[in-house]
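Data block below; observations after.
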Amino acid sequence: MVPDNKISVLRLKETNSDTSRNIEFEEIRKVWAEIELLDKQNIFSKNGVAIAGATLKVHRIGDLTLHDALLWKGKHCAITEANQKTPAQAEITVALIEPVECICKKRTFETGKTDGYNRPIMQKGECIKFPAYLIEKYVGFQKTEVAAQTEVRLIMVTPKQILLETGEAVQVDGKSFYIEVTHAMGTYKNEYEVVCRGDI
């Protein structure tokens, strides 16, 4: 094996304040790799469509895990599998997918306090910024007597430490996606079925 591509290894870094959490990828080192684009699609999400993938051969995995990601010629690579085949060669399978920046303002309620209608009083909660991968599920179109409405359903794949609740809104490029179904059983990532609706 003669590695001929310089790859950046990316790791999630979290910085916190009293009112916010900011999670982002940062480069921790570079490695040399031999890269082969795959003819078949990579099944990155259990609930979304398959996407383009590649296989990277490196000398050693070291402390690399599926929490991490790679950057190759400006392309973000989400790691789906990593195995040390021999003492001198490891193989890494990746999905070629770009993350998007997401913002979620968490909902909190004042304990034991209600308004004049006996409803819990909502107050400002923590603001979380994090990277996520959006994968197509399907796009629907619904027409009613008074309006036509678009409906975009996607799978949002997030770092494991991002815990979202059904009904919460996540802002992506100025659009609001609402959490409908959560799939938090994975070891390295969480998946959420999200929907964005709008009138035409």
Counting only N and O atoms by type, is there a donor-acceptor contact under 3.5 Å from the side chain of [X] to the main-chain atoms of [Y]?
| X | Y | result |
| --- | --- | --- |
| His59 | Ala88 | yes |
| Lys189 | Leu66 | yes |
| Lys160 | Gly186 | yes |
| Asn190 | Ile162 | yes |

[X] [atom1] to [Y] [atom2] distance, which is reported to the nearest 0.5 Å:
| X | Y | atom1 | atom2 | answer |
| --- | --- | --- | --- | --- |
| Lys129 | Thr15 | NZ | OG1 | 10.0 Å |
| Phe130 | Ile23 | CZ | CD1 | 8.0 Å |
| Glu193 | Ile135 | CD | CD1 | 12.0 Å |
| Leu163 | Tyr192 | CG | OH | 5.0 Å |
| Leu71 | Phe25 | CG | CZ | 10.5 Å |
| Asn22 | Asn16 | CG | CG | 9.0 Å |

For Thr166, side chain to side chain contact (heavy atoms under 4.5 Å, CB included) partners two or more places apart: Thr182
Would [X] end up clustered with [Y] when hydrophobic side chains under 4.5 Å apart are linked, directly or stepwise?
| X | Y | result |
| --- | --- | --- |
| Val49 | Val194 | yes |
| Ile28 | Val31 | yes |
| Val9 | Tyr188 | yes |
| Ile128 | Val172 | yes |

With salt bridge (charged side-chain N to carboxylate O under 4.0 Å, His left out) as the rule and sequence neighbours excluded, what pairs involving residues 170-180 come up?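 Every pair satisfying salt bridge (charged side-chain N to carboxylate O under 4.0 Å, His left out) with a residue in residues 170-180: Arg153-Glu180, Glu180-Arg197.
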With side-chain contact (heavy atoms from CB on, under 4.5 Å) as the criterion, how do Cys127 and Thr19 come out once you've worked through the C-alpha distance, each side chain's angles and the decisive distance to 0.1 Å? CA-CA 6 Å; Cys127 180; Thr19 58; over 6 Å; no
Among Glu126, Glu165, Glu168, find the residue that satisfies the side-chain hydrogen bond (donor to acceptor under 3.5 Å, both in side chains) test when tested with Lys106. Glu168
Would Glu36 and Thr55 count as having a side-chain donor-acceptor pair, cut-off 3.5 Å?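 No pair is found: no donor N or O on one side chain lies under 3.5 Å from an acceptor on the other.
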Would you kindly say whether Asn5 and Trp72 are connected by a side-chain donor-acceptor distance under 3.5 Å? yes
Smallest separation among heavy atoms of [X] and [Y], with atom names:
| X | Y | result |
| --- | --- | --- |
| Ile7 | Leu70 | CG2-CB, 3.7 Å |
| Ala69 | Tyr133 | CB-OH, 4.2 Å |
| Leu56 | Ala33 | CD2-CB, 4.2 Å |
| Leu154 | Glu136 | CD2-CA, 3.7 Å |
| Pro131 | Leu12 | CG-CD2, 4.0 Å |
| Gly48 | Ser45 | N-OG, 3.0 Å |

Could you tabulate the donor-acceptor pairs under 3.5 Å formed by side-chain atoms of residues 90-102, not counting sequence neighbours?
| unit_1 | atom_1 | unit_2 | atom_2 | d |
| --- | --- | --- | --- | --- |
| Glu98 | OE2 | His76 | N | 2.9 |

Close side-chain approach of [X] to [Y], heavy-atom, < 4.5 Å:
| X | Y | value |
| --- | --- | --- |
| Ile79 | Leu64 | yes |
| Asp63 | Arg11 | yes |
| Val195 | Glu151 | yes |

Set of salt bridge (Lys or Arg N to Asp or Glu O under 4.0 Å) partners for [X], sequence neighbours left out:
| X | value |
| --- | --- |
| Arg60 | none |
| Lys6 | none |
| Asp18 | none |

Asn83 atom CG: more than 12 heavy-atom contacts under 6.0 Å: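 Yes.
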Going by an N to O cut-off under 4.0 Å, is there a salt bridge joining Arg21 and Glu14?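 Yes.
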